[in-house]
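Data first, discussion second: the structure below is written as structure tokens.
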Amino acid sequence: MDPKKIDEDKLTEGHCDSEETCKIEVKKGWLSEDWLSLWLGLFIFILSLSSFQGYDLMGWGAKMGVWSDASKATNPVSITYQNIKGDITKIDGARITLKQSNGKDITITTKADPAALAVGQKYEQKGISPLASVAITFIAMLVIMGLGAMMIGADFKKFAIGFTLVFWCSYLCWFCGHFAYIAATKNELAKFGIGWSLSMTGEFGFIIALAAGLIIGNFFPGLAAAMKEAVRPELYIKTAIVIMGAGLGVKAAESFGLASNIMFRGFCAIVEAYLIYWAVVYYIARRYFKFNREWAAPLASGISICGVSAAIATGGAIRARPIIPIMVSSLVVIFVAVEMIILPFAAKMFLWHEPLVAGAWMGLAVKSDGGAIASGAVTDALIRAQAMDMEGINYAEGWITMTATTVKMFIDIFIGVWAVILAYIWCAKIECKPGQKVGLMEVWTRFPKFVLGYILTFVILLTICWPTVKTLSPTENAITEVKVQISSLEKQISASKDPTVTAPLQTTLKVAKDREKKLNDEAKAPKKFLSVAKSAIAQGDVFRTMFFVLCFFTIGVVSNFKKLMEEGIGKLAAVYCVSLFGFIIWVGLAISWLFFHGVKPPILPS
């Protein structure tokens with residue numbers, strides 16, 4: 001059997017475990033999971049862009065927050081759909097500012113006649129309830145994913161049953177992870193009226209989801225079987241990555257120099273990792289564990305590069321028997337689950353002062369797209385919480401995840417190229433077979449299509465937001481300088497009682513305040529535009545986050561430890577352990593440190 005005839009989607013999702021069961025079947029659908037993730041992600045992204053036209057088409061999406069009162073855990077992501085009430089403090093046309101019972105101000109657009117409203121008057125906006133928001137989110141995801149599943153040939157009824165179970169189990173884990181005693185950081189303790197917290201942030205829900213999935217997959221086979229049609233971790237994470245590109249595009253626009261720096265350093269790190277990882281794993285497998293070339297090459301690719309895709313690409317390039325990449329891929333799924341539990345917490349403990357080193361480490365060390373990027377998201381949350389607790393540093397969210405994603409994307413892009421290189425070496429130097437050729441189509445076949453979506457959403461939002469940021473940045477710098485000047489003048493005036501001294505200072509102060517007002521007026525329009533962009537991203541992020549949670553949970557479900565032991569692949573597991581924990585993790589850390597040491601995310605006001 002040709003390794004190219006292996007159904008990679010089935011193998012990655014844990015739906016097959018032998019040559020026979022992993023055969024590519026006659027397709028009932030017309031898309032692969034890779035293409036489906038691209039189109040699903042773009043569909044959600046396009047809907048989120050409606051915010052730029054003044055419509056919140058996905059504003060009903062349920063956003064989870066840290067909670068001590070369960071009834072306040074979720075809310076619609078857009079204030080347009082929220083229940084809001086308070087006292088009117090400002091009226092600006094149809095936009096009114098309310099002071100809520102918690103003392104916070106919020107600005108909303110009213111549908112009432114502004115002429116009938118007055119400052120001091122109580123106002124209430126009727127929205128949808130939190131439970132309705134969650135229910136609508138579930139129904140929308142079920143319909144979108146169900147239709148998508150039919151496109152790849154899945155049984156809609158079985159998928160709907162499985163997805164319902166997967167969604168609500170995952171959502172319960174996400175809900176539990178946001179409990180204040182687990183998730184609240186030290187600066188939030190007073191807000192929730194509690195004396196202590198584990199300070200894990202809400203992303204600890206990912207770990208709970210993984211643990212719950214492991215329990216179901218290994219101890220409740222009946223429930224796991226009922227979920228099987230919807231247990232598709234790679235589909236969920238790839239769709240999430242396409243959506244995530246948009247958010248990173250906005251962040252990159254706001255800090256363009258840092259984003260381009262991360263891209264370059266990520267590329268350099270990958271080149272170095274490829275040159276070290278693969279060769280060393282291949283040598284260990286051959287020299288110390290006595291594997292032949294047919295076994296050593298896919299094993300080296302699976303362990304050192306990118307798991308399932310790399311193992312299958314290598315197997316196809318060197319014409320290995322299909323059972324080899326299948327067994328290697330089984331190992332990858334198991335060890336990814338282990339790494340996801342250990343590495344983010346190790347990063348929190350030892351690398352919180354070097355956030356982007358930690359992000360790159362996740363990308364280099366965790367051997368699957370889903371595992372690496374999800375680990376980056378957990379690490380992002382843990383390190384930001386740790387930095388806030390230890391030194392009061394408020395790092396901008398998403399930059400650690402972006403670093404892990406960038407590194408992983410470069411790895412994915414090079415899988416096809418690496419397969420061509422190995423095919424050439426095997427054909428020209430090792431065992432040249434008549435008629436064996438590898439062309440550009442092999443590279444395109446192995447190229448991960450969802451990466452195109454990630455790049456597209458990233459570039460679109462970067463292009464949209466960059467001109468606004470370019471205009472706003474000098475204005476904000478000028479505002480900062482004027483504020484410093486005003487503060488200095490006010491101190492000088494308060495320190496002097498001599499009118500001859502204070503009079504010219506008062507004149508200068510008035511000029512400075514007038515300039516500050518003018519600059520603030522100039523900044524209003526670009527700030528409003530960026531606010532709309534962030535609102536659009538927030539709506540897409542509701543679904544991105546849920547796809548992340550679904551990925552964690554389903555990775556746990558497919559990680560069947562018992563089946564791995566039954567396959568008797570202890571020798572392969574030994575190579576994996578020695579290579580991964582013996583040097584890949586540590587070399588990855590060293591390379592991450594070399595290229596990202598001293599590079600920090602933007603710091604926000606506390």
Side-chain angles (χ1 to χ4, degrees), residues 7-10 12-15 24-51 55-62 76-77 132-171 174 225-246 369-370 448-454 456-457 536 539-555 557-558:
D7 189 329
E8 185 174 331
D9 289 338
K10 287 170 66 179
T12 305
E13 312 300 353
H15 292 171
I24 292 180
E25 301 172 356
V26 177
K27 289 288 185 182
K28 299 177 183 176
W30 47 277
L31 279 180
S32 68
E33 277 196 1
D34 203 22
W35 277 109
L36 178 60
S37 64
L38 168 65
W39 296 120
L40 286 175
L42 289 178
F43 175 70
I44 293 171
F45 167 70
I46 290 169
L47 288 181
S48 72
L49 294 182
S50 65
S51 292
Y55 304 104
D56 290 336
L57 294 183
M58 297 197 302
W60 37 261
V77 64
S133 176
V134 176
I136 295 170
T137 301
F138 162 67
I139 293 169
M141 291 189 72
L142 175 61
V143 171
I144 292 171
M145 298 307 296
L147 292 175
M150 291 173 66
M151 293 179 189
I152 58 175
D155 182 288
F156 181 81
K157 183 178 179 182
K158 289 181 180 178
F159 182 87
I161 294 171
F163 186 81
T164 300
L165 294 170
V166 167
F167 179 92
W168 289 111
C169 287
S170 301
Y171 199 84
W174 190 233
M227 297 177 174
K228 184 176 180 179
E229 195 75 1
V231 176
R232 301 176 182 270
E234 293 293 315
L235 173 61
Y236 299 135
I237 198 63
K238 289 174 181 178
T239 306
I241 291 167
V242 174
I243 300 169
M244 185 172 69
D369 292 330
K449 310 306 183 296
F450 74 95
V451 173
L452 297 175
Y454 170 80
L456 186 61
T457 57
Q539 292 177 37
D541 267 355
V542 168
F543 293 89
R544 177 192 64 81
T545 301
M546 275 312 306
F547 283 127
F548 265 101
V549 182
L550 296 174
C551 171
F552 269 88
F553 178 76
T554 53
I555 280 178
V557 174
V558 300

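Note that these values count all heavy atoms, side chains included, but never hydrogens, waters or copies made by symmetry.
Partners of F543 under the ring pair (Phe, Tyr, Trp, His ring centres under 6.0 Å) rule, at least two apart in sequence or in another chain, are W60. Every residue two or more places apart in sequence or in another chain was checked for a side chain to side chain contact (heavy atoms under 4.5 Å, CB included) with I46, and none qualifies. Take F167 and apply the ring pair (Phe, Tyr, Trp, His ring centres under 6.0 Å) test, not counting sequence neighbours, and it matches F138, Y171.
When all heavy atoms are compared, the tightest approach of V231 to V558 is CG1-CG1, 3.2 Å. Across every non-hydrogen atom of L235 and T239, the tightest pair is O-OG1, 2.7 Å. Taking every heavy atom of both residues into account, S37 and D34 meet most closely at OG-O, 2.7 Å. Nearest approach of L31 to I152, heavy atoms of both residues: O-CG2, 3.1 Å. I44 and M58 get closest at one heavy-atom pair: O-CE, 3.4 Å. When all heavy atoms are compared, the tightest approach of I555 to P233 is CG1-CB, 3.6 Å.
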Evaluate the criterion side-chain contact (heavy atoms from CB on, under 4.5 Å) for residue pair F45 and L456; output intermediate values, then yes/no.
CA-CA 10 Å; F45 167 70; L456 186 61; over 6 Å; no
Under the side-chain contact (heavy atoms from CB on, under 4.5 Å) rule, what do W168 and V134 come out as? Steps first, then yes or no, please.
CA-CA 10 Å; W168 289 111; V134 176; 3.7 Å; yes
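In this structure, F547 and M141 have side chains that are in contact, with non-hydrogen atoms separated by less than 4.5 Å.
Taking CG from L36 and NZ from K238, the interatomic distance works out to 10.5 Å, rounded to the nearest 0.5 Å. A distance of 14.0 Å separates CE in M151 from CH2 in W35, rounded to the nearest 0.5 Å.
Among residues at least two apart or in separate chains, side chain to side chain donor-acceptor pair (under 3.5 Å) pairs with a member in residues 39-51 are S51-D56, S51-Q539.
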With a 3.5 Å cut-off and sequence neighbours excluded, list the donor-acceptor pairs that the side chains of residues 153-166 form with protein atoms.
{"residue": "D155", "atom": "OD1", "partner": "K157", "partner atom": "N", "Å": "3.0"}
{"residue": "D155", "atom": "OD1", "partner": "K158", "partner atom": "N", "Å": "2.9"}
{"residue": "T164", "atom": "OG1", "partner": "A160", "partner atom": "O", "Å": "2.7"}

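With hydrogens and angles disregarded, no donor-acceptor distance shorter than 3.5 Å links the side chain of S170 to the backbone of F553. Proximity of a side-chain donor or acceptor of T457 to a complementary backbone N or O of V242 within less than 3.5 Å is detected.
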